[in-house]
Amino acid sequence: MDRRPDLQGQGRFKRRKMEDTDSRYSAESDDDGGVKVGNFAQPTEVKPKKEDLDARPSRHTEGIDQLVEKTSKKKRKKEEDAEEASDPYIARQHEEPLPKKKELDPRANPYLAHRYEEPAEDEGSYNGYSNGYGRPTNRMNGVSNASSLARFPRHKSTAAMAKNAEDGPNNPFSGQPLSSQYFSILKTRRNLPVHQQRDEFLQMYQKSQFLVFVGETGSGKTTQIPQFVLFDDQPQIQRKLVACTQPRRVAAMSVAQRVANEMDVTLGDEVGYNIRFEDVTSQKTILKYMTDGMLLREAMNDNNLNRYSTIILDEAHERTLATDTLMGLLKEVAQRRPDLKIVIMSATLDAQKFQSYFNDAPLLAVPGRTHPVEIFYTPEPERDYVEASLRTVLQIHASEPEGDILLFLTGEEEIEDACRKIRLEADEMIREADAGPLTVYPLYGTLPPNQQQKIFDPAPPPSKKGGRPGRKCIVSTNIAETSLTIDGIVYVVDPGFSKQKIYNPRIRVESLLVSPISKASAQQRAGRAGRTRPGKCFRLYTEGAFKKELIETTHPEVLRSNLSSTVLDLKKLGIDDLVHFDLMDPPAPETLMRALEELNYLACLDDEGNLTALGKLASEFPLDPTLAVMLISSPEFYCSNEVLSLTALLSVPQVFVRPASARKRADEMKSLFAHPDGDHLTMLNVYHAFKGPEAQANPKQWCHDHFVSLRALQSADNVRQQLKRIMETHEIELVSAPFEDKNYYTNIRRALVAGFFMQVAMKEGNSKTYVTVKDNQNVILHPSTVLQTESDWLLYNEFVLTTKNYIRTVTTVKPEWLMDIAPTYYNITEFGKGPVKSALQRTIDKVRRKEATKGRKR
DNA sequence: CATCCACGA
């Protein structure tokens with residue numbers, strides 16, 4: 001462990017100039033109806049000035065105009081102590097004698113629950129999903145009957161030729177007669193802005209391997225460009241496909257459906273999509289929409305992406321980890337495969353950066369089709385952005401013409417709180433000032449889907465005939481910035497903050513921080529007001545702050561994340577020389593070093609930084625390396641069935657639900673499942689109970705009654721099946737100790753150590769604080785833990801840095817396990833003097849004494 | 001006493 005991959009000399013941050021962009025919002029006069037919203041300066045034209053982009057993640061926390069202290073949270077009413085509830089699910093500690101199996105109430109018996117029948121594999125939901133990525137495409141020469149297309153010269157076609165083929169009478173790809181619906185869609189398609197530049201696009205596409213395509217919202221790029229490519233690239237001739245990647249699953253699915261309609265084919269035939277758990281493609285497929293993560297997975301088993309003739313990366317400006325990794329990979333693949341064409345599609349802001357990254361690729365820009373949005377700034381900085389946003393929303397409701405409101409806040413609690421206050425104030429306005437009705441909806445990712453759907457309900461009608469019109473106000477996290485589009489929004493209120501992930505490689509912690517947004521984000525938010533008609537955006541900061549304080553674009557994820565998973569991916573993608581791998585924004589060398597170090601400790605990389613057998617195996621799993629290593633090691637601990645369930649549970653959203661209205665009952669229900677050794681085993685108890693006959697009789701009711709999330713558990717089931725299949729493919733044994741075995745739970749806790757030995761904290765003296773081993777961070781238990789006893793050593797799943805340093809989802813472990821299972825990491829000579837070292841030394845001494853006693857007895 | 005932005009495999 002003394003040799004580490006040498007990372008010296010690669011710590012340069014790339015700096016690239018940002019050019020002026022053309023994306024600005026037109027400013028219109030402020031006199032519609034003579035209504036002026038007080039407290040706002042005149043609308044101003046937005047034109048970002050030239051600025052360098054510093055590639056380093058911002059670690060500062062100061063606000064936009066000034067550091068805004070959040071209003072102190074209302075102290076919650078102390079809830080009365082819950083009555084001692086009887087505990088049918090509590091797992092017994094094995095020190096106690098076990099009751100005989102027959103005496104157990106089946107409902108109370110987690111053992112019976114854990115031996116649930118493995119459900120028959122539902123092929124339907126997987127649609128032939130297979131692990132064999134890059135399987136040969138045995139497609140027949142699909143379009144022999146499409147005469148109009150057969151004459152197409154590959155990579156020499158024109159818009160006129162395409163138009164001719166599109167005009168029918170038969171479908172150029174399937175040969176079938178075209179429907180009347182097709183021709184009606186075709187008419188609207190030809191009105192899209194991109195259509196005007198079809199020839200220009202084709203010429204650039206034909207002459208260059210890389211092409212950067214810039215199109216604003218409403219240009220039609222996501223649906224049309226892949227079709228333009230299809231006519232010219234003719235992937236079916238070579239039995240290849242055109243891929244178009246999306247950062248999000250819903251987008252991949254819905255766009256594929258739309259394009260299938262446009263091309264008058266059945267979804268899954270010529271046009272399909274591929275997301276995790278769902279492969280809706282067939283031998284016929286020539287255009288495939290997919291998530292960027294999915295294409296990355298495929299690339300791991302097909303390093304040259306040989307299945308594809310053209311790859312289109314859509315929404316590249318969002319700079320997800322997968323997009324960035326793919327871009328770096330495609331730069332290399334392009335050299336090995338001169339026949340592969342690559343189109344990068346992005347919003348305007350980053351165009352030049354993409355161009356220069358892809359060897360000065362040609363750029364084509366197409367205007368969007370949106371309505372103008374007036375921007376208002378506050379003349380003075382706001383001290384409290386939550387208070388200011390409430391005031392602004394109410395002011396809009398009081399004095400602006402009809403139209404819905406979208407307010408951006410940072411998190412669930414803030415949003416729910418704001419919704420309550422707006423409702424209260426609005427009711428008063430209706431009573432006292434005859435204001436129109438106002439419906440307020442919260443919106444955030446963890447909200448159940450049926451409640452998320454409510455935001456699409458129409459605004460309320462006037463309360464009486466001829467009364468003032470009603471409107472709706474949506475209070476949302478960043479989810480409404482990109483993932484969800486709500487039509488009918490006319491007013492956007494933007495306080496200028498969002499929660500962002502930050503990674504600190506020094507202490508290996510990812511944390512969420514309320515931070516100022518970027519100019520790009522602010523523009524995106526404002527744009528949400530102009531989807532259906534001209535709108536207004538109220539920014540709760542000064543114009544000066546916008547110009548001077550906000551960074552141009554949000555730092556890409558690759559600069560804000562722990563990269564161990566990405567580094568493992570890159571190794572599997574055949575990138576040997578990470579140091580010279582050309583990422584668009586190279587991460588801090590310390591981050592890369594940390595990732596390599598972690599993977600080395602996990603034995604996924606050897607001391608030379610090469611992928612080990614374990615590393616190869618770990619990369620087969622769609623999991624973080626820690627979880628993958630834990631899962632792969634679990635048969636050694638005779639509990640791979642259980643660890644498989646646990647891994648699935650740790651990969652899905654929180655299983656426990658705790659609605660504000662029923663916190664006490666939710667906590668009571670949770671305590672029914674509590675295991676004295678911690679949260680991991682508690683989650684396992686929930687899962688086993690969920691798979692038991694009582695819960696399966698009516699899962700929805702059972703989950704509701706027990707305050708657990710049906711969605712999360714079903715999703716865990718899904719993940720479990722996928723992981724199980726991968727285990728079977730690679731012949732990783734599925735084994736369990738009998739539940740009566742006194743080591744049943746100990747085995748699982750020891751297996752946890754095999755992956756999470758780097759995430760362990762030790763108790764500090766008699767206080768409630770813990771200190772993480774090696775990184776020496778002071779941490780406390782997250783309030784959600786079920787742990788009652790104060791254990792000296794805890795293994796944690798997550799380090800959550802919010803108001804305090806929390807460790808969340810914890811399990812008690814023993815120091816002798818740590819040294820036994822992870823001897824390299826717990827090599828005592830590598831610890832500096834301190835409480836951890838002394839504690840480890842005491843453990844060694846204790847073990848030695850025991851051995852000695854044993855020896856004498858013999 | 002007190003509890004996580006959004007995605008993805």
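Throughout, protein chains are lettered first and strands after them, A, B, ... in sequence-line order, and every chain is numbered starting at 1. All values derive from a computational prediction rather than experimental measurement.
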Check whether any side-chain N or O of A/Thr477 sits under 4.0 Å from OP1 or OP2 of B/dA6, and answer yes or no. yes

Rounded distance in Å - CD1 (A/Ile726) to P (B/dA9): 13 Å

Nearest whole Å is fine: how far is B/dC7 P from A/Glu510 CD? 16 Å

Which nucleotide, B/dA9, B/dA6, B/dT3, lies nearest any side-chain atom of A/Pro622? B/dA9

For A/Phe621 and for A/Tyr806, locate the closest nucleotide of DNA chain B by heavy-atom distance; then report the residue assigned to the nucleotide nearer the 5' terminus. A/Tyr806

Establish, with yes or no, whether the OP1 or OP2 oxygen of B/dA9 is under 4.0 angstrom from a side-chain nitrogen or oxygen of A/Thr291. yes

With A/Leu321 as reference, evaluate A/Thr566, A/Leu296, A/Asp292 under the side-chain contact (heavy atoms from CB on, under 4.5 Å) test and give the passing residue. A/Thr566

What nucleotide, of B/dT3, B/dA9, B/dC7, holds the atom closest to the side chain of A/Ile479? B/dC7

Measure from CG on A/Leu563 to P on B/dG8 and round the result to the nearest Å. 20 Å

Is A/Leu623 touching bases, backbone alone, or none of the nucleic acid, heavy atoms closer than 4.0 Å? base

Please state how far atom CG in A/Asp417 lies from atom C1' in B/dT3, giving the value in whole angstrom units. 15 Å

When A/Val629, A/Ile726, A/Thr647 are each screened for side-chain contact (heavy atoms from CB on, under 4.5 Å) with A/Leu623, the one that passes is A/Thr647

Once rounded to the nearest 0.5 Å, what's the spacing between atom OG of A/Ser565 and atom CG of A/Asp624? 5.0 Å

For the residue pair A/Tyr806 and A/Phe799, is the inter-centroid distance of their aromatic rings smaller than 6.0 Å? no

Expressed in angstrom and rounded to an integer, what is the separation of A/Gln788 atom CD from B/dC1 atom C1'? 15 Å

What is the separation between atom CG on A/Leu568 and atom C1' on B/dA9, rounded to the nearest whole Å? 13 Å

Would a distance-only check, ignoring hydrogens and angles, find a side-chain to backbone donor-acceptor pair under 3.5 Å from A/Ser709 to A/Ala712? yes

Residue whose nearest DNA chain B nucleotide is more 5′ - A/Ser565 or A/Thr446: A/Thr446

For A/Glu798, answer base if it contacts any base atom (sugar-phosphate contacts may also be present), sugar-phosphate if it contacts only those atoms, and nothing otherwise; contact means non-hydrogen atoms under 4.0 Å. base

The side chain of A/Glu557 is closest to which nucleotide in this list: B/dA6, B/dT3, B/dA9? B/dA6

Distance test, side-chain N/O of A/Arg249 to OP1/OP2 of B/dA9, below 4.0 Å: yes

Gap between atoms CG and P, on A/Asn562 and B/dC7 respectively (whole Å): 21 Å

Looking only at B/dA6, B/dA9, B/dT3, the nucleotide nearest the A/His782 side chain is B/dT3

Mind checking A/Lys501 for me? I need base, sugar-phosphate or nothing, with any heavy atom below 4.0 Å counting as a touch. base

Nearest to the side chain of A/Ser483, which nucleotide is it out of B/dT3, B/dA9, B/dC7? B/dC7

